[in-house]
Amino acid sequence: MKKENMEEQNTSQNIKDTTDRMIRVNHAGEFGASRIYEGQLSVLAKSTVGQTIQDMADQEKDHLETFDKLIIERRIRPTALSPIWSLAGYTLGVVTARMGEKAAMACTVAVEEVIEEHYKTQYETLGENDPELSKIIDKFRLDEIEHKSISNNFINLNNSSESEQDENIYPLMSKAIKAGSKLAIWLSTRL
Ligand SMILES: [Fe+2]
Ligand SMILES: [Fe+2]
(Lines give C-alpha, C1' and ligand atoms only; values in the text may rest on other atoms or scores of the structure.)
(Ligands and ions follow the chains in the order given, each with its own letter.)
Protein backbone atom coordinates (compact mmCIF):
# COMPACT_ATOMS: atom_id res chain seq x y z
CA MET A 1 0.00 0.00 0.00
CA LYS A 2 1.21 3.49 -0.84
CA LYS A 3 2.31 5.64 2.07
CA GLU A 4 -0.34 8.33 1.43
CA ASN A 5 -3.07 5.71 1.25
CA MET A 6 -1.96 4.25 4.53
CA GLU A 7 -1.95 7.65 6.16
CA GLU A 8 -5.40 8.34 4.81
CA GLN A 9 -6.63 5.04 6.18
CA ASN A 10 -5.07 5.83 9.53
CA THR A 11 -6.83 9.16 9.74
CA SER A 12 -10.21 7.75 8.82
CA GLN A 13 -9.70 4.95 11.36
CA ASN A 14 -8.88 7.58 14.00
CA ILE A 15 -12.02 9.51 13.15
CA LYS A 16 -14.10 6.34 13.33
CA ASP A 17 -12.61 5.45 16.72
CA THR A 18 -13.46 8.91 17.99
CA THR A 19 -17.01 8.95 16.66
CA ASP A 20 -17.63 5.37 17.86
CA ARG A 21 -16.63 6.39 21.36
CA MET A 22 -18.88 9.45 21.16
CA ILE A 23 -21.85 7.36 20.09
CA ARG A 24 -21.15 4.77 22.78
CA VAL A 25 -21.06 7.33 25.58
CA ASN A 26 -24.07 9.26 24.25
CA HIS A 27 -26.07 6.06 23.93
CA ALA A 28 -25.19 5.24 27.56
CA GLY A 29 -26.02 8.78 28.69
CA GLU A 30 -29.40 8.92 27.00
CA PHE A 31 -30.20 5.53 28.48
CA GLY A 32 -29.24 6.82 31.93
CA ALA A 33 -31.34 9.96 31.40
CA SER A 34 -34.36 7.87 30.42
CA ARG A 35 -33.92 5.79 33.56
CA ILE A 36 -33.70 8.90 35.78
CA TYR A 37 -37.04 10.12 34.43
CA GLU A 38 -38.60 6.66 34.77
CA GLY A 39 -37.55 6.69 38.42
CA GLN A 40 -38.94 10.18 38.93
CA LEU A 41 -42.20 9.30 37.22
CA SER A 42 -42.64 6.26 39.44
CA VAL A 43 -43.00 8.76 42.29
CA LEU A 44 -44.28 11.97 40.69
CA ALA A 45 -46.35 10.89 37.66
CA LYS A 46 -49.56 12.20 39.20
CA SER A 47 -48.07 15.34 40.75
CA THR A 48 -48.12 18.86 39.30
CA VAL A 49 -44.80 18.21 37.56
CA GLY A 50 -45.86 14.82 36.22
CA GLN A 51 -46.66 16.02 32.71
CA THR A 52 -43.53 18.19 32.54
CA ILE A 53 -41.34 15.24 33.45
CA GLN A 54 -43.24 13.01 31.02
CA ASP A 55 -42.60 15.46 28.16
CA MET A 56 -38.87 15.50 28.90
CA ALA A 57 -38.86 11.72 29.26
CA ASP A 58 -40.46 11.39 25.82
CA GLN A 59 -37.67 13.47 24.31
CA GLU A 60 -35.03 11.38 26.07
CA LYS A 61 -36.64 8.29 24.60
CA ASP A 62 -36.29 9.85 21.20
CA HIS A 63 -32.62 10.61 21.89
CA LEU A 64 -32.05 7.06 23.06
CA GLU A 65 -33.70 5.56 19.98
CA THR A 66 -31.54 7.68 17.71
CA PHE A 67 -28.34 6.42 19.32
CA ASP A 68 -29.73 2.88 19.43
CA LYS A 69 -30.10 3.10 15.68
CA LEU A 70 -26.59 4.49 15.19
CA ILE A 71 -25.06 1.77 17.38
CA ILE A 72 -26.64 -0.87 15.15
CA GLU A 73 -26.04 0.84 11.79
CA ARG A 74 -22.38 1.50 12.53
CA ARG A 75 -21.79 -1.76 14.38
CA ILE A 76 -20.53 -0.09 17.53
CA ARG A 77 -20.08 -2.04 20.74
CA PRO A 78 -22.43 -0.56 23.36
CA THR A 79 -21.10 0.18 26.83
CA ALA A 80 -20.70 -2.81 29.11
CA LEU A 81 -21.98 -0.70 31.98
CA SER A 82 -25.69 -0.57 31.00
CA PRO A 83 -26.87 -2.56 34.03
CA ILE A 84 -25.11 -0.10 36.32
CA TRP A 85 -26.53 2.98 34.55
CA SER A 86 -29.96 1.40 34.61
CA LEU A 87 -29.87 0.98 38.37
CA ALA A 88 -27.98 4.19 39.14
CA GLY A 89 -30.24 6.29 36.91
CA TYR A 90 -33.46 4.83 38.23
CA THR A 91 -32.31 5.14 41.85
CA LEU A 92 -31.25 8.76 41.36
CA GLY A 93 -34.68 9.46 39.86
CA VAL A 94 -36.57 7.84 42.73
CA VAL A 95 -34.45 9.43 45.45
CA THR A 96 -34.63 12.97 44.08
CA ALA A 97 -38.38 12.61 43.40
CA ARG A 98 -38.99 11.45 46.96
CA MET A 99 -37.17 14.54 48.22
CA GLY A 100 -39.81 16.56 46.40
CA GLU A 101 -40.71 18.17 43.09
CA LYS A 102 -38.07 20.84 43.39
CA ALA A 103 -35.32 18.33 44.14
CA ALA A 104 -36.39 16.32 41.11
CA MET A 105 -36.10 19.42 38.94
CA ALA A 106 -32.77 20.36 40.53
CA CYS A 107 -31.52 16.92 39.55
CA THR A 108 -32.44 17.60 35.93
CA VAL A 109 -30.66 20.98 36.04
CA ALA A 110 -27.49 19.38 37.38
CA VAL A 111 -27.48 16.54 34.84
CA GLU A 112 -28.28 18.80 31.91
CA GLU A 113 -25.52 21.24 32.80
CA VAL A 114 -23.03 18.42 32.40
CA ILE A 115 -24.65 16.99 29.26
CA GLU A 116 -24.93 20.36 27.58
CA GLU A 117 -21.20 20.91 28.07
CA HIS A 118 -20.45 17.36 26.98
CA TYR A 119 -22.39 17.74 23.72
CA LYS A 120 -20.79 21.11 23.09
CA THR A 121 -17.30 19.64 23.43
CA GLN A 122 -18.19 16.76 21.12
CA TYR A 123 -19.64 19.12 18.54
CA GLU A 124 -16.46 21.19 18.53
CA THR A 125 -14.23 18.11 18.37
CA LEU A 126 -16.14 16.71 15.39
CA GLY A 127 -15.73 19.74 13.17
CA GLU A 128 -16.58 18.70 9.61
CA ASN A 129 -15.72 15.05 10.17
CA ASP A 130 -19.18 13.57 10.65
CA PRO A 131 -22.07 15.83 9.61
CA GLU A 132 -24.72 13.21 10.45
CA LEU A 133 -23.50 12.93 14.04
CA SER A 134 -22.90 16.68 14.37
CA LYS A 135 -26.47 17.42 13.41
CA ILE A 136 -27.84 14.97 15.99
CA ILE A 137 -25.60 16.29 18.75
CA ASP A 138 -26.50 19.89 18.02
CA LYS A 139 -30.23 19.13 18.07
CA PHE A 140 -30.03 17.12 21.28
CA ARG A 141 -27.89 19.76 22.98
CA LEU A 142 -30.69 22.28 22.36
CA ASP A 143 -33.25 19.84 23.78
CA GLU A 144 -31.13 19.39 26.92
CA ILE A 145 -30.78 23.15 27.32
CA GLU A 146 -34.56 23.37 27.12
CA HIS A 147 -34.94 20.70 29.81
CA LYS A 148 -32.58 22.69 31.98
CA SER A 149 -34.50 25.93 31.58
CA ILE A 150 -37.90 24.26 32.12
CA SER A 151 -36.56 22.82 35.37
CA ASN A 152 -34.89 26.08 36.40
CA ASN A 153 -38.13 27.97 35.78
CA PHE A 154 -40.02 25.56 37.98
CA ILE A 155 -37.47 25.97 40.78
CA ASN A 156 -37.54 29.76 40.55
CA LEU A 157 -41.35 29.87 40.56
CA ASN A 158 -41.43 27.73 43.68
CA ASN A 159 -38.56 29.35 45.50
CA SER A 160 -40.77 30.98 48.10
CA SER A 161 -41.44 27.58 49.63
CA GLU A 162 -37.74 26.96 50.12
CA SER A 163 -36.80 25.91 53.62
CA GLU A 164 -33.38 26.48 55.11
CA GLN A 165 -32.63 22.80 54.83
CA ASP A 166 -33.23 22.92 51.06
CA GLU A 167 -30.78 25.74 50.70
CA ASN A 168 -28.07 23.66 52.27
CA ILE A 169 -28.92 20.46 50.48
CA TYR A 170 -29.38 21.60 46.87
CA PRO A 171 -25.85 22.83 46.16
CA LEU A 172 -24.44 19.65 47.69
CA MET A 173 -26.85 17.45 45.78
CA SER A 174 -26.12 19.29 42.56
CA LYS A 175 -22.37 18.88 43.07
CA ALA A 176 -22.72 15.16 43.74
CA ILE A 177 -24.96 14.59 40.71
CA LYS A 178 -22.61 16.52 38.45
CA ALA A 179 -19.60 14.58 39.70
CA GLY A 180 -21.50 11.32 39.22
CA SER A 181 -22.54 12.28 35.69
CA LYS A 182 -18.97 13.18 34.77
CA LEU A 183 -17.69 9.91 36.14
CA ALA A 184 -20.38 8.04 34.18
CA ILE A 185 -19.31 9.84 31.00
CA TRP A 186 -15.67 9.06 31.62
CA LEU A 187 -16.37 5.38 32.23
CA SER A 188 -18.83 4.90 29.38
CA THR A 189 -16.43 6.40 26.87
CA ARG A 190 -13.94 3.70 27.79
CA LEU A 191 -15.84 0.59 28.89
FE1 LIG B 1 -31.15 13.48 26.08
FE1 LIG C 1 -32.51 15.90 28.83
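Quantities reported herein were computed from a predicted structural model and do not represent experimental measurements. Whatever order the structure lists them in is the order used to number ligands and atoms, beginning at 1.
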query: If you measure from CD1 on Ile145 to CD on Glu116, what distance do you get to the nearest 0.5 Å?
result: 4.0 Å
Any salt bridge between [X] and [Y], counting N to O under 4.0 Å?
{"X": "Glu117", "Y": "Lys178", "value": "no"}
{"X": "Lys139", "Y": "Asp143", "value": "yes"}
{"X": "Asp138", "Y": "Lys135", "value": "no"}

field: Thr79 side chain to Leu191 backbone, donor-acceptor under 3.5 Å
entry: yes
field: Nearest to the Fe ion (ligand 2) - the N/O/S atom of Glu112, by atom name
entry: OE2
Tell me which donor-acceptor pairs under 3.5 Å the side chains of residues 179-186 have, and how far apart each pair is, sequence neighbours excluded?
unit_1, atom_1, unit_2, atom_2, d
Ser181, OG, Ile177, O, 2.8

- line: Here the Fe ion (ligand 1) sees protein N, O or S atoms within less than 2.8 Å, and their number is 5
